[in-house]
Amino acid sequence: MTKDTALIHELDALRQKINYHSYLYNTLDTPEISDYEYDQLFNRLKELEALHPELITPDSPTQRIGSKVSEKFRKVRHPAPILSLANGFGPQETIEWYERIAKVDSRVKTCDFLLEPKLDGLTVVLHYENGLLVLGATRGDGLVGEDITDNIKTIASVPLRIPLKADLQAPEKIIFRGEAFITKTDFEKLNQENEEKGLKPYLNPRNTAAGSLRQLDPAVTASRPLKLYLYQIVSSSDPIPASQEAILEYIAGFGLPVNPSHWKAKTIQEAIEICQEQGQNRYAWDYDADGIVIKVNDQSLFEDLGVVGKDPRGALAYKYPGQEVETTLLDIQVNVGRTGVVTPLALLEPVNIGGVVVKQATLHNFDFIEEKDIRVGDRVLVKRAGEVIPYIIASLPEKRTGSQETYIPPETCPSCGAPVEKDPEMVAWYCINSSCPAQLSRNIEHFVSRSAMDIVGLGGQIVQQLVDAELIKSAADLYSLEVSDLVGLEKFGPKKAQNVIDAIQASKNQSLARLITALCIRGVGEVAAEKLSKTYQNLDQFSKASPEELQQIEGIGEIVADDIVSWFREWDNQQLLQNFKKAGLWPESLPAEEKTNGSLTGLSFVITGTLPNLTREQAEDLIKEHGGKVLSSVSKKTSYLLLGENPGSKYTKALELGIPILDEASLKDLLQK
Ligand code: IVH
């Protein structure tokens, strides 16, 4: 291999890994690695790309702004881009921003500013028509978000109809933007309740808010204490007030929630002073805020200043650094995840960081503990930067009393005693025993969970009891459980036992996609499972797929394809499938049949970018319905590239190979033929 091809391989592998972990974090809310590890991968990619800019691909994660849209909710195109914000750290960068924009428009020199806390939550976009709340959406990638109307409607402070007072008239159509969040007080309460129920604590208010809003079941959202503050009008059929200050007043006038904390500054110096002053004050706020947004108050000036990339020139996020505090590392707990990954978790002497009590923090991985020489009993520095899980930065060896000993990572799994092994590609260690009880419990918790087989009534504690009592040794054993097996368990009467057994039996009717999700194959979440179930008719067919064939499926890369193949190769898993079949759990899907006489028969398509009207899935279905094939990568054999807005590297590749390019309208023309 030449040096160049080795580099291209490394870049490819890094991009795949980052995409995979970003998907787990952003789309599924189930990260497998810490933010620290993720940042390290990302920084390595940035570093390599900076050295070799010619190797940057348009679809590299470094070129992405915003997060991925989940496939679970209907997609909605925003009426105008939901913009982001440029960051400024400290007075110097703020002055630089001011000078830059003053050069663009000299009116900046005499304008005033409106300052608002930069809430650390989740952006939402609310559409009101004739006063009625008709749509609530997430930001998504800024152009297309997700329809979460039913979830938004569960937030008590969001009026379903405006105005609340009769003396105002709502515009025919008005769209607002705001931030949904959970207050620190409510977060503490929620965690206390979790503790009482023996459930795992949530890590931070932001992730909890984001996870709550993206629940498929609105009843779950309703049970979470979400709040919302609005701060912007995205579009309106009526004239919009002339300043940000007046906009906030106007929004509040309709009875909509607006943050009562905001400040006006006559000059940029005054704005900086307020930011510094509020920086001292911010821990007293009952919500997490990672900075202050400085906005040019005059709306026509704000508009005229325009946008650079995704950031409006007329606003800046004055960012505060994450807070660091000192506490004692009481113990290192070793957890086993459902894929067998073994990770260290710091148990801390409880400490208040920015208003949230922190008892646990990530230690990233065992290499980190060794590199930083972190010992149980050490005084340690813990950082909480708002959006991330608290993490240990360092130990303070000068504060050692002599009783602290070097930490020796476990050589065996804390649950089953089997050896742990290092993944050669990653820093993670894995328990190699696929029938490890801890893995088994996590696996079965996942199997019965709402996104997988959705077996109501089987929570984490019950699963643990079943595993401990050795009533189940695999997910297939669930299907041979009887009422009498459950009646002996804690808090189980005959009625509850019967309900659980009924729910288990009913789950035999779940779709193939859900069963694939439930299998716990590394890298195969709901979205991939949905795609796989459209390609294969049942688990027999799926289990015979080759890596090459799997990679033809959109979203399945080399790593995931290999993981799928090795999963099916494992003897235990083959047994599991046989037992599912015996139990009568063998869903069949109806993969789109290839039409032999459609207008697109014999043609293959590759899709890139966002289409104006169709979602990616709708376009795929349309092509398949007409007999065409949809492939994930461009080759000489591709008949057409279907091109949307913001295309990826497939576009460049298609141009290179001279593949004919279609837009959505010309695809529709082709269908008529
Ligand atoms: S203004 C054109 N104001 O911060 C307007 N953003 O890092 C641009 N945010 O995605 C946004 N509080 O979700 C604005 N008072 C506030 C905010 C705020 C929180 C979030 C917003 C945005 C992110 C940018």
Side-chain angles (χ1 to χ4, degrees), residues 27 58-59 64-83 123-129 133-150 152 172-177 214 234-237 307 310 526-527 530-531 534 553-555 592 595 598-601 603-634 638-652 654-655 659-673:
T27 309
D59 62 351
R64 179 206 289 282
I65 304 149
S67 64
K68 198 176 177 296
V69 179
S70 155
E71 306 273 331
K72 294 181 288 193
F73 295 97
R74 188 176 71 92
K75 286 173 192 158
V76 275
R77 185 162 282 277
H78 299 303
I82 301 301
L83 298 171
T123 290
V124 292
V125 179
L126 303 186
H127 296 226
Y128 283 88
E129 276 176 22
L133 174 64
V134 291
L135 179 71
T138 62
R139 175 171 186 267
D141 63 4
L143 298 173
V144 178
E146 298 162 321
D147 178 348
I148 51 161
T149 314
D150 292 339
I152 292 284
E172 201 182 311
K173 236 179 167 175
I174 184 159
I175 301 173
F176 303 97
R177 171 187 184 167
R214 293 180 49 257
V234 179
S235 72
S236 172
S237 54
V307 173
K310 302 229 166 186
E526 280 169 87
V527 180
E530 193 64 49
K531 295 235 157 103
K534 284 191 178 158
I553 299 169
E554 178 86 47
K595 272 202 169 179
S599 49
L600 304 182
T601 300
L603 299 177
S604 63
F605 292 78
V606 173
I607 311 176
T608 183
T610 315
L611 300 170
N613 302 300
L614 296 173
T615 65
R616 175 71 62 116
E617 286 204 327
Q618 286 167 337
E620 280 182 17
D621 289 346
L622 198 63
I623 294 171
K624 287 181 192 161
E625 272 166 31
H626 289 80
K629 270 196 179 147
V630 181
L631 301 178
S632 62
S633 53
V634 176
T638 309
S639 319
Y640 290 105
L641 180 84
L642 178 57
L643 179 68
E645 222 177 290
N646 294 324
S649 62
K650 295 170 191 169
Y651 179 45
T652 341
L655 287 177
I659 306 296
I661 291 170
L662 289 178
D663 61 7
E664 188 183 298
S666 26
L667 170 73
K668 288 185 177 160
D669 289 345
L670 207 60
L671 297 177
Q672 309 301 325
K673 288 191 179 145

Notebook entry, point to check: Going from CZ on Phe73 to OG1 on Thr149, what distance comes out if it is rounded to the nearest 0.5 angstrom?
Noted result: 10.0 Å

Notebook entry, point to check: What are the two closest heavy atoms between Val234 and Ala80, and how far apart are they?
Noted result: CG1-CB, 4.1 Å

Notebook entry, point to check: Taking only residues two or more places apart in sequence or in another chain, which ones pass side chain to side chain donor-acceptor pair (under 3.5 Å) with Thr610?
Noted result: none

Next item on the list: Go through the steps to decide whether Leu143 and Asn646 satisfy the test side chain to side chain contact (heavy atoms under 4.5 Å, CB included), and finish with yes or no.
Entry: CA-CA 10 Å; Leu143 298 173; Asn646 294 324; 3.5 Å; yes

Margin query: Looking at every non-hydrogen atom in both residues, tell me the closest pair between Val634 and Lys650 and how far apart they are.
Written below: CG2-O, 3.7 Å

Margin query: Under the criterion side chain to side chain contact (heavy atoms under 4.5 Å, CB included), I'd like the reasoning laid out for Lys668 against Leu614: C-alpha separation, chi angles, the key distance, then a yes or no.
Written below: CA-CA 11 Å; Lys668 288 185 177 160; Leu614 296 173; 4.3 Å; yes

Note to self: Would you compute the distance between atom CG of Leu643 and atom CD1 of Ile661 and round it to the nearest 0.5 angstrom?
What the structure shows: 6.0 Å

Notebook entry, point to check: Taking atom types as modelled, is there a side-chain donor on Ser666 or Asp669 under 3.5 Å from an acceptor on the other?
Noted result: no

Note to self: Consider side-chain hydrogen bond (donor to acceptor under 3.5 Å, both in side chains). Of Arg214, Arg139, Arg74, which one does Glu146 pass it with?
What the structure shows: Arg214

Check: How far apart are the C-alpha atoms of Tyr640 and Leu670, what are their side-chain angles, what is the distance that settles it, and do they pass the side chain to side chain contact (heavy atoms under 4.5 Å, CB included) test?
Finding: CA-CA 11 Å; Tyr640 290 105; Leu670 207 60; 3.8 Å; yes

Checklist line | Closest contact, heavy atoms only, Leu600 versus Leu671 | finding: CD1-CD2, 3.5 Å

Next item on the list: Using side chain to side chain donor-acceptor pair (under 3.5 Å) as the criterion, list what pairs up with Glu645, not counting sequence neighbours.
Entry: none

Next item on the list: Would you check if the side chain of Thr138 reaches a backbone N or O of Val124 as a donor-acceptor pair within less than 3.5 Å?
Entry: no

Notebook entry, point to check: How far does OG of Ser235 sit from NE2 of His78, to the nearest 0.5 angstrom?
Noted result: 11.5 Å

Next item on the list: Give a yes or no answer on whether the side chain of Glu620 reaches the backbone of Val630 with a donor-acceptor pair at less than 3.5 Å.
Entry: no

Checklist line | Rounded distance [0.5 Å steps], CD1 in Ile82 versus OG1 in Thr123 | finding: 8.0 Å

Margin query: Leu135 and side-chain contact (heavy atoms from CB on, under 4.5 Å): which single residue from Ile175, Val76, Val125 fits?
Written below: Val76

Checklist line | Evaluation steps, side chain to side chain contact (heavy atoms under 4.5 Å, CB included), between Leu667 and Ile623 | finding: CA-CA 9 Å; Leu667 170 73; Ile623 294 171; 4.2 Å; yes

Checklist line | Separation of Asp621 CG from His626 NE2 (nearest 0.5 Å) | finding: 11.5 Å

Item checked: Side chains of Pro79 and His127 in contact at under 4.5 Å (non-hydrogen atoms) -> yes

Notebook entry, point to check: With Asp150, which residues qualify under side chain to side chain donor-acceptor pair (under 3.5 Å), at least two apart?
Noted result: none

Note to self: For a quick test of reading the model, state the closest non-hydrogen atom pair linking Ser633 to Val606 and the distance between them.
What the structure shows: O-CG2, 3.5 Å

Margin query: Does atom CD (Glu172) have a neighbourhood of more than 12 heavy atoms from anything else shown, all under 6.0 Å?
Written below: no

Check: Taking all atoms of both residues into account, what is the closest heavy-atom pair of Ala619 and Leu611, and its distance?
Finding: CB-CD1, 3.7 Å

Notebook entry, point to check: Near Tyr651 OH, under 6.0 Å, is it more than 12 heavy atoms from other residues, nucleotides or ligands?
Noted result: no

Checklist line | Distance, nearest 0.5 Å, that separates CD1 of Ile553 from NZ of Lys531 | finding: 9.5 Å

Next item on the list: Identify the heavy atoms of Gly648 and Thr608 that sit nearest to each other, and give their distance.
Entry: N-OG1, 2.8 Å

